[in-house]
Amino acid sequence: MATKDKLIIFDTTLRDGEQSPGASMTRDEKIRIAKSLERMRVDVIEVGFPMASAGDFEAVRAVASVIKESIVCGLARALKKDIERASEALKTAMSARIHTFIATSPIHMQQKLHMTENQVIEQAVAAVKQAKQYTDDVEFSPEDAGRSEFEFLCRVIEQVIMAGATTINIPDTVGYNVPHQFGSLVGRLIENVPNSDQVIFSVHCHNDLGLAAANSLSAVLNGARQVECTVNGLGERAGNASLEEVVMTVHTRQDVFSCTTSLDTKLIVPTSRIVSTITGFPVQPNKAIVGANAFAHEAGIHQDGVLKARETYEIMRAEDVGWASNKIVLGKHSGRNAFRTRLNELGVTFRTEEELNVAFANFKDLADRKHDIYDEDLHALVSETSCEKSEYFKLVSLKAHSETGEIPSAQVTLLVDGEERKAESNGGGTVDATFCAIETIAASQAQLQLYSVNNITTGTDAQGEVTVRLQKSGRIVNGHGADTDIIMASAKAYLHALNKLVVPETRAHPQHDV
């Protein structure tokens with residue numbers, strides 16, 4: 001039997017995924033996710049866009065210093081200052097890649113860049129040559145390739161390969177393509193670009209029409225050997241191709257795909273939960289692979305078939321993507337060492353003993369209220385602890401009252417920049433009353449865009465995880481909170497979002513100012 005080709009998995013959860021409105025992550029949160037991706041054996045981790053802000057630069061540099069097995073990648077526009085900044089951020093990486101790009105579609109070149117075709121080629125070639133001075137691993141993307149003219153696309157790609165690019169990524173930047181069209185485009189490029197055999201062809205598809213995974217897989221069938229994707233399909237607008245869908249399709253349909261990945265698929269579900277908890281983007285129950293209902297069978301015929309032979313209605317084993325790993329790990333009698341050891345196994349480490357002490361105290365508090373502590377609870381607890389590090393608004397106490405025939409009310413006490421303040425308010429329910437009381441103190445004038453509640457585990461003592469999305473002056477932030485008391489979880493989530501609004505926005509979109 002012929003040896004299967006390797007399909008490279010390029011994860012951009014930390015870069016493109018972070019461009020989802022409100023999904024920005026701290027440096028420590030990016031490190032947690034990156035470590036989880038490394039354990040899952042993701043080949044390339046795109047951490048961020050170092051030129052966007054000091055925070056993005058520091059995040060890329062921090063991840064580069066701790067990741068040893070995966071390639072660490074930084075994004076850079078085809079500009080000298082961007083590439084220099086990316087190379088500086090990646091300096092400590094064991095294996096580094098610079099990913100540079102410039103738009104090649106007529107609408108982008110005319111309306112955004114105000115550049116001719118020759119100018120675009122010249123800038124692309126110069127960028128690749130400059131990046132090559134810092135690393136042998138250089139990726140080039142002709143942005144909006146899906147709407148670019150074919151002959152010009154061939155010219156650009158041929159020239160950047162001659163300049164030293166090792167990976168050519170074909171992005172469907174606006175999710176415009178359909179599978180047969182996009183797969184054919186990749187196949188034609190491989191066939192028509194004279195030096196195409198010198199590089200790996202990659203794809204980066206957006207999900208505006210719900211076709212990102214299908215387009216990516218169609219490209220793989222036509223010769224692409226790298227797929228850029230995100231955990232849970234996270235990404236701006238409708239998201240990116242979903243890592244779990246791409247990987248498990250290739251894994252399940254080996255009769256169709258002449259390639260295979262090196263991923264440890266048993267870590268897909270745990271990684272999905274980490275990303276969901278940190279970003280505050282819940283996974284819908286019917287989401288393929290990682291949704292709570294992905295392996296649930298309610299119809300009688302389905303249940304009967306699965307009981308007789310699993311393969312009648314299940315094309316994958318739940319255990320193969322990590323669903324079987326949801327075991328009780330700790331309880332109220334567990335000690336500090338067991339707590340630290342289990343978190344290390346989950347990829348969570350503490351930089352200082354003080355951080356461990358705070359997390360352990362929160363764990364003991366949770367164990368007093370919840371008998372069984374699951375991995376999901378630990379992930380939520382660590383996220384909660386990280387939220388407490390720099391709080392302008394900090395919850396001191398909350399009292400909520402609801403009674404039949406009475407108007408719900410809430411009393412809150414907050415520390416506002418170290419000063420204690422109290423407020424009381426009524427509302428349509430206890431959550432509404434709590435938010436109104438908080439706003440009486442904060443006076444943020446932010447608009448509530450989303451309020452979502454999900455249970456972290458099962459049972460009546462399960463923690464509820466609340467996501468709150470606020471908008472103010474064009475900025476959108478997500479806050480999340482978890483607690484066995486849903487009113488408390490709601491207050492935590494609202495304050496988490498408010499604390500994000502207090503921090504000035506310093507990020508830039510990678511398409512600006514090209």
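Residues: numbered from 1 along the sequence shown. In what follows, every heavy atom counts, from backbone to side chain, and hydrogens, waters and symmetry copies are set aside. What you see is a predicted model, and the numbers here were worked out from it, not measured in a lab.
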Q | Results of salt bridge (Lys or Arg N to Asp or Glu O under 4.0 Å) for Arg155 - residues two or more places apart only | A | Glu117
(Q) According to side chain to side chain contact (heavy atoms under 4.5 Å, CB included), who are the partners of Ser202, at least two apart in sequence or on a separate chain? (A) Glu139, Thr167, Asn169, Gln226, Glu228
Q: Would you please name every residue forming a side chain to side chain contact (heavy atoms under 4.5 Å, CB included) with Arg61, sequence neighbours left out?
A: Phe57, Glu58
Q | Reported CG-to-CD distance for the pair Asn293 and Gln284, which is rounded to 0.5 angstrom | A | 10.0 Å
Result block: side-chain N/O donor-acceptor pairs under 3.5 angstrom for residues 465-472, not counting sequence neighbours:
{"from": "Thr467", "atom 1": "OG1", "to": "Gly280", "atom 2": "O", "distance (Å)": "3.0"}
{"from": "Arg469", "atom 1": "NE", "to": "Asn478", "atom 2": "OD1", "distance (Å)": "2.9"}
{"from": "Gln471", "atom 1": "OE1", "to": "Gln449", "atom 2": "NE2", "distance (Å)": "2.5"}
{"from": "Lys472", "atom 1": "NZ", "to": "Ser444", "atom 2": "O", "distance (Å)": "3.0"}

Under 3.5 Å donor-acceptor pairs involving side-chain atoms of residues 178-187, not counting sequence neighbours:
{"from": "Gln181", "atom 1": "OE1", "to": "Val178", "atom 2": "N", "distance (Å)": "3.4"}

Q: Could I get the full list of ring pair (Phe, Tyr, Trp, His ring centres under 6.0 Å) partners for Phe150, not counting sequence neighbours?
A: none
Q) Arg41: what forms a side chain to side chain contact (heavy atoms under 4.5 Å, CB included) with it, not counting sequence neighbours? A) Asp264
Q. Does a side chain donor of either Lys287 or Ser242 reach within less than 3.5 Å of an acceptor in the other side chain?
A. yes
Q. Would Val231 and Leu37 count as a side chain to side chain contact (heavy atoms under 4.5 Å, CB included) if you check the C-alpha gap in whole Å, the side-chain angles of each, and the deciding distance to 0.1 Å?
A. CA-CA 9 Å; Val231 176; Leu37 294 171; 3.9 Å; yes
Q: Report the residues that fulfil salt bridge (Lys or Arg N to Asp or Glu O under 4.0 Å) with Glu149, sequence neighbours left out, ordered by chain and then residue number.
A: none
(Q) Does any part of the side chain of Gln123, heavy atoms only, come nearer than 4.5 Å to the side chain of Leu79, both counted from C-beta? (A) yes
Q: Answer whether the closest heavy-atom distance between the side chains of Ile98 and Ser87 falls below 4.5 Å.
A: yes
Q) Considering residues, nucleotides and ligands other than Ile107, do more than 12 of their heavy atoms fall under 6.0 Å from its CD1? A) no
Q) Considering residues at least two apart in sequence or located in another chain, which fulfil the side chain to side chain contact (heavy atoms under 4.5 Å, CB included) criterion with Met162? A) Glu158, Gln159, Asn195
Q. To the nearest 0.5 Å, what is the distance between CG (Leu234) and OG1 (Thr279)?
A. 5.5 Å
**Q.** Pair Asp144-Ser105, side-chain donor/acceptor within less than 3.5 Å
**A.** yes
Q: Enter the distance from Ser196:OG to Ile190:CD1 here, rounded to the nearest 0.5 Å.
A: 6.5 Å
Q. Between atom CD1 of Ile67 and atom CD of Glu38, what is the distance when rounded to the nearest 0.5 Å?
A. 4.0 Å
(Q) Can you confirm whether Val42 sits close enough to Leu243 that some side-chain heavy atom of one is under 4.5 Å from a side-chain heavy atom of the other? (A) yes
Q. How far apart are the C-alpha atoms of Asp172 and Asn177, what are their side-chain angles, what is the distance that settles it, and do they pass the side-chain hydrogen bond (donor to acceptor under 3.5 Å, both in side chains) test?
A. CA-CA 7 Å; Asp172 184 19; Asn177 284 251; 2.9 Å; yes
Q: For Arg237, check salt bridge (Lys or Arg N to Asp or Glu O under 4.0 Å) against everything at least two apart and list the hits.
A: Asp208
Q. For Asp16, what residues pass the salt bridge (Lys or Arg N to Asp or Glu O under 4.0 Å) criterion, not counting sequence neighbours?
A. none
Q.
Is any side-chain heavy atom of Lys6 closer than 4.5 Å to one of Arg225?
A. no
Q: Just grab all the side chain to side chain donor-acceptor pair (under 3.5 Å) pairs involving residues 126-136, residues at least two apart or on different chains.
A: none
**Q.** Spatial distance of atom OG1 (Thr26) from atom CG (Asp28) [nearest 0.5 Å]
**A.** 5.0 Å
